[in-house]
Structures are given as structure tokens and as C-alpha cells.
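Just so you know, residue 1 is the first one in the sequence shown, and it goes up from there.
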Amino acid sequence: MPRKQKKHMPAPEQFGREWFDRDYDAKTVYRRLWGYTRKYRGIIIAGMLLGMLTGGAWTPIFMMVRPMAEQLIPQQVEQSVSPEAPQQETPVVTQPETAAKKQPTATEQLAETGKKEAEKAKKNLSEAERLFERFGISISNDDGSARTSILIILLLFFAGAVGLKMVTQYLNQYFLTKAGMKVVLDLRNTMFAHLQQQSLAFHGRCDVGKLMSRATGDPAIVQTIISSTMSDLCRAPFEVLTAIVFVSAYAIQNGMLSLLLITVFGYPLCMVPVVWLGRQIRRWTARMLEQSAGMGSNFHENLTCVRIIKAYNTEAAETEKFRLISLRQYKMNMRAVRFSILVGPLTELVAMVLAGAFLMMCAFRGFSFVEIIPLLPPFLILYKPMKQIGRIQIALENGRAALQRIFSLLDVHEELIEKPDALPIKSFNDSIVFDHVSFLYAGSGDLIVNDANFTIKRGQMYAVVGSTGSGKSTIANLLARFYDVTSGQILIDGHDIRDYKIADIRAVIGAVTQESILFNDTIAANIAYGSPDATREQIIEAAKLANAHNFIMAHPEGYERIVGEKGFVLSGGERQRVAIARAILRNPPILILDEATSALDTVTEQQVQEAINNLMQNRTIFAIAHRLSTIRNADCILVLEHGVIKERGTHEELYARGGIYRRLCDIQNEQHLEA
């Protein structure tokens, strides 16, 4: 891309924190997350218990190792001395007669020898034999012929323990994954509903692409916390605890107490790199999410404005712009990855050093391989859960960054407030009164509307004209209660519109705007939007009144034709007539018209104007006029300048006065003649 165009590229800080973002500590965000998981606590608790059981299932597996090793590894058999062998080395000492009398008899000597042999035989029992002997099971003959059967039994016990662990681990992950997906579903629904409730003031300050990323992408990180991280959190510590308890008990039993020093003081060393790296990961993850939101915003904006991009042949420039944004997102992501991948190797290094130190201690102490081998599986098993514990810290920090963005959005409350005792309004009977109404946008120092004061009687048509930025659309938005007034009040039938239910206000006030917005659905669905109970006959009748039926039926799919993104497949006039048909079907007593014909050609304008005339019958009209010729018959015309009503009256009265209105009319007449 040419160097001179780089100044148009978005600056890195463009995709930073939103104006409503705030910081929360870990305790706050995870306590609030628990509020969303509480309804699924049954399956979460079941998953947690199964995770604990999975960790504890290593105990019988560890216990089987030494008995199996004794059966598989040949043992050195100690030679015992026969009691019948002559004692040549023992000198014969002549004892006095009194001492000879104290010598045991032959029977007593034989009994004593048998007792010693029994104790010696008991000590020489294998671990497997002692294990079964605890349950009163004798599994070996004097000649040791039953050792093969012992091994088979041990293998069966081992296979059963491994099978139990596999089942509990599967159920643990299934239950927690299910809970995580349900929580994400609830979070997304809550965020979408929350966005629907916010006023236009909020949406005017926010970027659509960033909101999309926050509402769809960030909850996926929360699912990882619940499904994977919570699974690891329940299982990994118990696996570590099981291994440590087994090693400690075995060390005490076999005189390896020095091992406890490594277990007690060495294990916490594994967590030192995890804690420090976790802080770095949270910081860069937050920035990465912000960049991802910016990338989504640019993507959405590009596709929305694709007509302009094609018209101005800026595809290459837009491609380069997106490439730079993606590159920044990649760099932020890689910075977080660099820290996260360090956790595993550092944790492994500490664990391997501890295991090596233990084995060296065992070698110096002269322990046999059979005595050491039961301790090897616990040390090998510790490797995986210790890595998982390291990942838990990373996931929790990532989750905290995502939850901060989610709860920051949910804590924004710019929705219009409806009173608990709001009044219903089902019809319009008398008048609309703007009583000294003023309005300014949040963060703006100038009034957009300044002391507007007028009354519209039922059945009248009021129009407002003025230059761009004079406040015409703002007055219409205040009437529809898209915003609340800063001062003054708007009365409908004698009551402040803030005293009515918002849904009822929207039911009695309809609007046809200059830009007709259609949904990517069928023509019938677009006409029936907002009127879910409308029949097909009512839809067709509304389309006929809007002069839309003929062009609809000219297409093979008719009313089932998909209109595309924002009505892309329809012409401007066709979109306007579909929007007018929607308003006709809704049948509101008060109608706001934002000059729906200003951007149309002459023939199409006549068709749309005829549809508007049908729509205006028996209604109270508030019209925003761009073409002054369309409001000549208005009961009253308001002339706005910088938010202030400078003139008011009929077309004839204002034109004769020779003020602002006449100047606007003369300018438009000159432009019409030149055209």
C-alpha cells in the first residue's frame, strides 16, 4: 500500500477500552458468575464430586503396584538355618548343676524354634499376601504354587480401578461441559436482552461490531472456565493430594521420612511461576479481547458499507486496513501466549527436579528397586495435574478479563425508566403538547432542542423544517420517547409520556423514516414485523394500500421472497413501500414521517407519495420535511434553527412573512429549476 495512505489506518488506541468499561477484582467477578451457575448447581456438584472421585481413584491403583512388582520381579530367597543342623561353632561350656537345671527341655526348644520360624515366614510374606491376609484370604500354598493366580487377581483389581477412573472422568467432563454451555447460553441471552433495553443514546455512543464481539465471543471464554477449568479444579488437586498422601504414608511406613521434606516444602515451588505469569496473562488477554472487538467492528463496518467501497474502488485500501488491525490482534494474542506456554515448562522443571532429588536420596539410602517402584507412579501422575493446576491459573485470569468486559456491559443502565405504576394507553383522543421541552445529549454542552413549545390536536398535521443539525429528528425521537427530555415535558392526552408504559407509547406512535430498514427475511415477514397476529389477507391488503402488491407479485416467490441484508435485493422505492405497508398494518393513531420520498426518482416518488397519502388518512401526523413542497397542506409548520423554533404557521403565512422559511423555499425552487 502507498506510504501516503498509512495515515488513514486506525491507530492502536482506537480499539481500546469502551467508555463504560470498569475493573473488578477476581472475587467480585466470580461471585457474580456463581449467580448464573446457581440454577445448574445440581449437575455442577455432581461433576465436582465425580472429579474428586476421579482423583481419589488413583489410590487403589497405587496400592496394586508393589504387589504386582513382587509377583513379576524375582526375589532373592533368604536361606534359613535348619534347626537340626549341628551347631559346631557354638562352644560347649560346662555349666554348674544349678544352671543345667534351667536349660529348656527338647519340647520347649522345638516350640520356640517353630515360633521363630513362623514369625520369620510372616515377615517374608509378599505385599500381595499381606494385602489379602488382611481380609482373611489365603492365596498361596507352602510351595508358592499360587503366585500366578495372585497376579491374575491383582491385574483384575487394577483393571477395575482404571475402569472406574475412566467412567468417573467421562461423567465429570460431561456434566461440567453441559453446565458451562448452559451458563454461556444464559449469559448471551442476558446480554442481548440488556442491549435491547438500552436507549438510543447508548447505541449512539457504541460501536456495533464491538458489542457483537463482547456479546458473542467473550462468553465462550466463560464456558472454558466452567467446563474445562472447573473439571481440572475438581480433579487435579485431588490427584495431587492422593499422590502426596500415598507417598507420605509409604515413606513413613518404610523409613523414607526425608521424602516428606520434598513433598511439604518442594511442591509450593511449582506455584511460584504460575502466580507471576498469571498476572501478565490477564493484562495481555484483556488487550487481546479489545483488539478482537476492534477487528470485529471493522469487519462489520466493511460489509455494511460494501456499496461505498465498491463505488470508490477502495477494496485494496480496506484489505490493507483490515490486515493491519488483524496484525495488531495477532501481536497482542502472541504476547499472552508467550507467558501462558511458559507455565507448563517451568512447572515441569520444578517437578522433575523434585522427582530426581527423591530418587537420588533413595539410591544413597540403599533402598531396593521393589521398594522404590511404588513411588514412581505417584511422581509420574503428579506431572499432569500439576500442569493442569498451572493452566487453571491461566484460565482464571483469562476468564477474569472476559468477565470484566461482560459485567461492564451489564452494569451500564441507560435504558429508559418505566415507572412501577405506569399508565396504559391504548388510543389517542385529544392532543400532543410540547411544554417548554429542552434536550441535550450526554457529554454535549449545547442544547439540541431549546424550549420547544407547541400543541398538536388530534387529526392535525404538523411539520418541522430547518437546515441539517437544527434538531428536527431529535424532536421526533423525543415524541416517540427514544430519548427522555432534559427539561420540560411532553404530554399525550394530558399525561406526561414518561407516565405511560413504554410498550403502549410505541403501539400508538408509528414511524416511516427516510432510510427504510428491512430484515433479512421474507417480504411478508417484514410487513408483519411488529404485528405478529396479522393474517396473510391483512398483509396483502396493507401491501396494496402501500402500492407494493404489484411489484411483490411480479417476482416468482411473491411474498416469500427474501429481501437480503437491509433489503439489499429491493430498490429504494420498493423498500420504502414495504416499510409503509408495515406502518399501515400496525395502524398507529400517531404517525411520524421522515420525508420518505426525498431520495427517490419522480416516478417512484409518485407511487410512494400515494402510499403515504393512504397511510396519513385519519391520523395525527408529525412530519420532518426535506422537500417543502410536500408540506404545503400542513396545519402548522415549525421552522427550527439551532434547536430553537424561530417561526411557526401555515405555508402561506410563513412564505408571506419573508423570513427563514421563505428563504428555504426560494433555495429549493432555484435548485429545482437548475435541475
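Within the 4.5 Å cutoff, the side chain of Tyr441 has heavy atoms near those of the Thr474 side chain. When side chains are defined from C-beta on, Leu638 does not count as touching Ile475, because their heavy atoms never get closer than 4.5 Å. Residues Arg648 and Tyr661 have side chains not in contact (no heavy-atom distance under 4.5 Å, counting atoms from C-beta outward). Side-chain atoms of Ser531 and Gln538, non-hydrogen and from C-beta on, never get closer than 4.5 Å to each other. Inter-residue side-chain proximity for Ser470 and Glu641 is flagged as unmet; no heavy-atom pair is nearer than 4.5 Å. Counting only heavy atoms from C-beta outward, the side chains of Glu541 and Leu585 never approach each other to under 4.5 Å. Using a 4.5 Å heavy-atom cutoff, the side chains of Ile562 and Asn520 are in contact. Put simply, the side chain of Tyr500 reaches to within 4.5 Å of the side chain of Leu423, judged on heavy atoms.
Residues Ala583 and Val512 approach most closely at CB-CG2, 3.8 Å, considering heavy atoms. Closest heavy-atom contact between Met461 and Asp635: N-OD2, 2.7 Å. The two residues Arg205 and Glu414 have their closest heavy-atom pair at NH1-OE2, 3.5 Å. Among all heavy-atom pairs drawn from Gly558 and Ile523, the shortest one is O-CD1, 3.9 Å. In terms of heavy-atom proximity, Ile637 sits nearest to Thr650 at CD1-C, 4.3 Å. Val508 approaches Ile425 most closely through the heavy-atom pair CG1-O, 3.9 Å.
Side-chain atoms of Glu647 come within 3.5 Å of backbone N or O of Ile660 as a donor-acceptor pair. Side-chain atoms of Thr620 come within 3.5 Å of backbone atoms of Gly459 as a donor-acceptor pair (strictly under, hydrogens ignored). Judged by distance alone, with hydrogens and angles left aside, the side-chain atoms of His194 form no donor-acceptor pair with the main-chain N or O of Asp411 at under 3.5 Å. Of the possible polar contacts, none joining the Lys39 side chain to the Val183 backbone as a donor-acceptor pair under 3.5 Å is found. A side-chain donor-acceptor contact under 3.5 Å links Tyr462 to the backbone of Thr455. In this structure, the side chain of Asn526 engages the main chain of Thr522 through a donor-acceptor pair within 3.5 Å. A donor-acceptor contact shorter than 3.5 Å is absent between the side chain of Arg561 and the backbone of Ile552. The closest donor-acceptor contact from the side chain of Glu574 to the backbone of Phe551 lies at 3.5 Å or more, if one exists at all. Between the side chain of Arg575 and the backbone N or O of Leu570, at least one donor-acceptor pair lies under 3.5 Å. A donor-acceptor pair under 3.5 Å is absent between the side-chain atoms of Arg662 and the main chain of Arg657, judged by distance alone.
Sparse packing is recorded around NE2 of His642, with 12 or fewer heavy atoms of other residues, nucleotides or ligands lying under 6.0 Å away. The local environment of CG in Asn429 is crowded, with over 12 non-hydrogen atoms from other residues, nucleotides or ligands closer than 6.0 Å.
Separating the CD atom in Glu418 from the CG atom in Asp421 is a distance of 10.0 Å, to the nearest 0.5 Å. Taking CG from Asn547 and CD1 from Ile580, the interatomic distance works out to 8.5 Å, rounded to the nearest 0.5 Å. To the nearest 0.5 Å, atoms CG (Leu640) and NZ (Lys646) are separated by 10.5 Å. Atoms CG and CD, on Leu518 and Gln576 in that order, are 9.0 Å from each other to the nearest 0.5 Å. If you take CD1 on Ile540 and OG1 on Thr535, they are separated by 8.5 Å, rounding to the nearest 0.5 Å. Rounding to the nearest 0.5 Å gives a distance of 5.5 Å between SG of Cys206 and CH2 of Trp19.
Applying the salt bridge (charged side-chain N to carboxylate O under 4.0 Å, His left out) definition to pairs two or more places apart or across chains, none involves residues 519-535. Listed by first and then second residue, the side-chain hydrogen bond (donor to acceptor under 3.5 Å, both in side chains) pairs involving residues 484-498 are Asp435-Gln489, Arg481-Asp484, Asp496-Arg498 (not counting sequence neighbours).
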Derivation and outcome, side-chain contact (heavy atoms from CB on, under 4.5 Å), residues Leu409 and Asp218: CA-CA 11 Å; Leu409 177 59; Asp218 292 3; over 6 Å; no
CA sep, side-chain torsions, deciding dist, call: Tyr655, Cys665, side-chain contact (heavy atoms from CB on, under 4.5 Å): CA-CA 8 Å; Tyr655 194 81; Cys665 288; 3.9 Å; yes
Test side-chain contact (heavy atoms from CB on, under 4.5 Å) applied to Val578 and Ile527, step by step: CA-CA 6 Å; Val578 170; Ile527 294 176; 4.0 Å; yes
side-chain contact (heavy atoms from CB on, under 4.5 Å) between Phe439 and Val485, intermediate numbers included: CA-CA 5 Å; Phe439 175 79; Val485 300; 5.5 Å; no
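With a 6.0 Å cutoff to the six-membered ring centre and a 45° limit on the axis angle, Arg32 counts as a cation-pi contact of Phe407.
Between Asp21 and Arg405 there is no salt bridge, since no side-chain N of the basic residue sits under 4.0 Å from a carboxylate O of the acidic one. Taking 4.0 Å as the cut-off between side-chain N and carboxylate O, Glu560 and Arg536 count as a salt-bridged pair. Here Arg323 pairs with Glu320 in a salt bridge; the nearest charged N to carboxylate O distance falls below 4.0 Å.
Considering Val184, Leu187, Val222 in turn, Leu187 is the only one that fulfils the side-chain contact (heavy atoms from CB on, under 4.5 Å) rule with Tyr36.
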